[in-house]
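Every chain is numbered from 1 and lettered A, B, ... according to where its sequence line falls, protein lines coming before strand lines.
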Amino acid sequence: MGLKVYNTISRKKEDLVPREKGKISMYSCGPTVYNFIHIGNARTFLNFDMIRRYLEFSGYEVTFVQNITDVDDKIINRAREEGITPEELAEKYLEAFNRDMGEMGVVPPDITPKATGHIGDMLKVIEGLVASGAAYESDGDVYFDVSKFPGYGELSGRVLDEQQVTSQCGVEMERKKNPNDFALWKSSKPGEPYWESPWGPGRPGWHIECSAMSVKYLGVDFDIHGGGQDLIFPHHENERAQAEAYSPGGRFVKYWMHSGMLNIDKEKMSKSLGNIKSLREVLDEYKPDVIRMLMLGTHYRSPLNFSDESLVDAKASLERLQNCIFNLKDLLKRLDGSKVSMATIDRETELIDYVNNAEVEFRNHMDDDFNSAAALGVVFNLVREINAYITEAEEHRSPGAKLVLLESERILEKLCGALGLFQSSPEVAGLPSAHAGRKSETAPTLDEMMELILEVRQRARERKDFESSDAIRDGLLKLGIQIEDGREGSRWRLER
RNA sequence: GGCGGUGUAGCCAAGUGGUAAGGCGGAGGUCUGCAAAACCUCUAUUCGCCGGUUCGAAUCCGGCCGCCGCCUCCA
């Protein structure tokens with residue numbers, strides 16, 4: 001069974017057949033760098049990160065291009081507000097964006113073209129469109145003539161006559177032949193950034209940059225074009241019209257993929273409602289994997305309701321997964337000296353089968369249009385099995401235990417990795433391996449300190465001085481260290 | 001008005017013809033000095049409502065109701 005993806009333009013799931021065998025070319029609309037990105041933007045970027053990771057997990061060689069819109073009305077306006085130049089503003093928020101993505105553990109795209117670095121490429125396309133009659137100049141602006149592209153509306157499933165004619169800004173309306181025509185080039189007003197063009201100084205319209213840059217780096221008829229669902233119309237519809245009108249007969253994109261919207265407390269995020277939540281704000285309270293877990297829990301095309309409660313739930317479920325990995329590593333650490341032998345008892349061969357079968361099921365779900373929510377279900381079933389086995393293995397150390405545990409660890413980490421979980425930070429919140437064995441000549445390590453503390457606490461427990469032992473445990477918890485007492489002594493881990 | 005989506009337990013959420021995954025929360029139990037972690041059992045005879053097709057429907061068809069998004073910048 002191969003990968004299937006839902007293609008917006010056909011409104012169906014289709015077999016993913018890449019243009020070039022074994023390779024995927026994908027483009028996704030990146031940020032307009034005029035502000036910190038919000039949690040809704042983050043969802044889209046995280047979804048495409050999930051998609052990209054899974055494609056690579058499946059063996060594809062992925063070339064991922066994501067643009068940076070660094071010239072646009074919003075940037076100009078915002079720069080005015082902040083009293084800096086548009087260039088400075090774009091630079092500032094591009095840095096913030098990169099920091100956010102880095103913190104979230106998003107794999108950086110292979111190419112991140114900036115609009116301002118590709119004006120020449122855009123002008124070339126615009127000139128071509130004007131020459132072929134698909135676009136026209138009007139008072140220093142250049143518009144795409146929608147009536148010249150018969151396929152207009154196919155992507156978004158719109159019939160233009162049936163659209164509500166909404167109020168558009170007056171000047172533009174006067175210059176357009178048809179209300180649905182859109183700007184390829186806008187003449188600049190005094191004080192705005194501009195580039196020279198055959199139609200005078202101006203700047204590119206928004207849609208043209210994606211058409212020009214995607215084709216420049218990926219060629220025509222590339223595999224996947226993505227973005228948020230709200231970009232289907234007009235942005236992607238327009239991109240498609242331009243690109244296909246520019247190279248007649250050629251298809252622009254093979255598969256259109258759109259990420260579902262995120263709502264806050266069941267409402268759309270909007271300035272007027274004042275409920276815009278930046279990714280930064282959420283990151284101040286929750287670690288990146290909690291946010292990722294929240295996103296993975298809903299299929300990428302479904303609407304996702306974001307709330308404090310949903311974050312709390314996601315955190316708890318992430319912890320369940322983390323605890324399992326922790327317990328696994330902890331037991332393996334204690335089994336360190338023992339040899340790896342073949343599984344002997346039925347229970348063990350059964351579990352190894354279960355673990356390997358889990359990977360098959362996981363892939364089946366992910367192959368079905370990246371159903372991460374269903375795939376997570378498989379992971380959690382696996383967690384329950386592994387946890388149960390850990391308890392058994394603690395009791396009777398059978399020779400095959402180590403093999404089972406190692407195999408469980410391998411698969412569990414593999415599946416988490418495919419989803420992008422636990423990839424952002426060097427340590428999985430205090431896993432034994434993460435803080436083990438780093439000896440310093442000068443300062444004692446946390447490990448060494450904890451060993452001493454736990455030993456002292458153990459003495460207190462042995463003489464039933466629970467007041468002292470509990471004081472140590474409570475005190476450490478306040479410092480972010482969780483103590484757990486088990487049948488083989490106490491262990492600790494860093495709380496996030 | 002047009003287009004699209006969606007309605008599954010207290011909450012979140014998979015499931016598109018074969019008899020309701022998973023997570024959170026809740027109840028009880030096991031283990032434990034107590035915690036924590038973990039395990040076990042229970043927590044939707046039923047999938048917005050009404051009809052229809054079918055041996056069989058949450059899944060297909062028709063109608064109705066609710067919610068959301070897009071149609072203007074928007075991930």
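Residue contacts for Ile232(A): at a heavy-atom cut-off of 4.0 Å it reaches no nucleic acid atom on any strand shown. Using a 4.0 Å heavy-atom cutoff across all strands shown, Asp230(A) reaches at least one base atom of the nucleic acid. Within the nucleic acid shown, Ser469(A) comes within 4.0 Å of at least one base atom, counting heavy atoms only. Note on Gly227(A): only backbone sugar-phosphate atoms sit closer than 4.0 angstrom, heavy atoms only; bases stay farther off. If you check every strand for non-hydrogen atoms under 4.0 Å, Ser317(A) touches sugar and phosphate atoms only.
Under 3.5 Å, the side chain of Asp485(A) and the base of C34(B) form at least one donor-acceptor pair of N or O atoms. You'll find a donor-acceptor pair under 3.5 Å spanning the side chain of Arg473(A) and the base of A35(B), going by distance alone.
When the P atom is compared between U32(B) and U45(B), the two are found 37 Å apart, to the nearest whole Å. G28(B) and U59(B) have their P atoms separated by 37 Å, given to the nearest Å. A distance of about 40 Å separates the C1' atoms of A75(B) and G18(B), rounded to the whole Å. Rounded to whole Å, the C1' atom of G15(B) lies 25 Å from the corresponding atom of G51(B). One P atom belongs to A38(B), the other to G23(B), and the distance between them is 11 Å to the nearest Å. Here the separation of C50(B) from G7(B), taken at their C1' atoms, is 16 Å to the nearest Å. The same atom, P, is picked in C65(B) and in A27(B); the two are 41 Å apart, to the nearest Å. Comparing U8(B) with U43(B), their C1' atoms sit 16 Å apart, to the nearest whole Å.
Atom pair Glu154(A):CD and C3(B):P shows a separation of 17 Å (rounding to whole Å applied). When the C1' atom of A38(B) is taken as reference, atom CD1 of Ile390(A) falls 9 Å away, rounded to whole Å. In this entry the distance linking CD of Glu392(A) with P of C31(B) reads 17 Å, nearest Å. Look at CZ on Arg487(A): it is 18 Å from P on A36(B), rounded to the nearest Å. The distance from atom CG of Asp330(A) to atom P of A36(B) is 18 Å, rounded to the nearest whole Å. Going from atom CG of Leu382(A) over to atom P of C39(B) covers 12 Å, rounded to whole Å. What separates CG of Asp73(A) from P of U72(B) is a distance of 16 Å, to the nearest Å. Straight-line distance from the CD1 atom of Ile68(A) to the C1' atom of A75(B): 13 Å, rounded to whole Å.
Remark: Asp308(A) engages no residue in a side-chain hydrogen bond (donor to acceptor under 3.5 Å, both in side chains) (not counting sequence neighbours). Every residue was checked against the side chain to side chain contact (heavy atoms under 4.5 Å, CB included) condition with Glu285(A), not counting sequence neighbours, and none meets it. Taking the side chain to side chain contact (heavy atoms under 4.5 Å, CB included) definition, one finds that His38(A) meets it with Asn41(A), Met269(A), Ile276(A), sequence neighbours left out. By the side chain to side chain contact (heavy atoms under 4.5 Å, CB included) test, Met101(A) is found to be paired with Ile37(A), Phe45(A), Phe97(A), Val106(A), Leu279(A), residues two or more places apart in sequence or in another chain being considered. For Lys277(A), there are no salt bridge (Lys or Arg N to Asp or Glu O under 4.0 Å) partners, not counting sequence neighbours. Residues passing the ring pair (Phe, Tyr, Trp, His ring centres under 6.0 Å) test with Phe182(A) are Phe144(A), His207(A), sequence neighbours excluded. Partners of Glu14(A) according to the side chain to side chain contact (heavy atoms under 4.5 Å, CB included) rule, which considers only residues two or more places apart in sequence or in another chain, are Asn7(A), Ser10(A), Tyr255(A). Under the salt bridge (Lys or Arg N to Asp or Glu O under 4.0 Å) criterion, Asp230(A) pairs with no residue, sequence neighbours left out.
The listed nucleotides are A37(B), C68(B), G23(B); the one nearest the side chain of Asn263(A) is C68(B). In the set A38(B), G22(B), A75(B), the nucleotide with an atom closest to the side chain of Leu262(A) is A75(B). Checking G2(B), G22(B), A37(B) against every side-chain atom of Arg158(A), the shortest atom distance belongs to G2(B). Closest contact between the side chain of Phe380(A) and the listed nucleotides G23(B), C70(B), A37(B) involves G23(B).
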- prompt: For every nucleotide of nucleotides 8-15 of chain B, 5' to 3': is a protein heavy atom under 4.0 Å from its base (B), only from its sugar-phosphate (S), or from neither (-)?
  reply: ---BSSSS
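Side-chain contact between Arg52(A) and Asp110(A) is present, with heavy atoms from C-beta onward closer than 4.5 Å.
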message: Let's go through Phe149(A) and Tyr152(A) carefully: what are the C-alpha distance in whole Å and the side-chain angles of both, what is the deciding distance for ring-ring contact (aromatic ring centres under 6.0 Å, His included) to 0.1 Å, and is it a yes or a no?
response: CA-CA 6 Å; Phe149(A) 184 69; Tyr152(A) 197 78; 7.0 Å; no
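The phosphate of G25(B) (OP1 or OP2) has no side-chain N or O of Arg320(A) nearer than 4.0 angstrom. Proximity of Asn387(A) to the phosphate of A37(B): no side-chain N or O atom is located under 4.0 Å from OP1 or OP2.
Stem list for RNA chain B (at least 3 consecutive Watson-Crick or G-U pairs, distances under 3.5 Å): B:1-7 with B:65-71, B:10-12 with B:22-24, B:25-30 with B:38-43, B:48-52 with B:60-64.
Of all the heavy atoms in Pro193(A) and Arg203(A), the pair that sits closest is O-CD, 3.9 Å.
Under the side chain to side chain contact (heavy atoms under 4.5 Å, CB included) rule, Glu359(A) has a single partner from Ile411(A), Val378(A), Asn364(A), which is Ile411(A). A side chain to side chain contact (heavy atoms under 4.5 Å, CB included) with Leu421(A) is found for one member of Leu321(A), Val379(A), Leu415(A), Ile325(A) and no other, namely Leu321(A).
Mapping Asp470(A) and Pro31(A) onto RNA chain B by nearest heavy atom places Asp470(A) at the nucleotide closer to the 5' end. Of the two residues contacting RNA chain B, namely Arg457(A) and Ala388(A), the nearest-nucleotide position lying further toward the 5' end is that of Arg457(A).
Within residues 460-468 of chain A, the residues having any heavy atom under 4.0 Å from RNA chain B are, by residue number, Arg461(A), Phe466(A).
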Donor-acceptor pairs under 3.5 angstrom involving side-chain atoms of residues 291-298 of chain A: please list them, not counting sequence neighbours.
unit_1: Arg292(A); atom_1: NE; unit_2: Gly420(A); atom_2: O; d: 3.1
unit_1: Arg292(A); atom_1: NH1; unit_2: Asp49(A); atom_2: OD2; d: 3.0
unit_1: Arg292(A); atom_1: NH2; unit_2: Asp49(A); atom_2: OD2; d: 2.9
unit_1: Arg292(A); atom_1: NH2; unit_2: Met104(A); atom_2: O; d: 3.1
unit_1: Arg292(A); atom_1: NH2; unit_2: Gly105(A); atom_2: O; d: 3.2

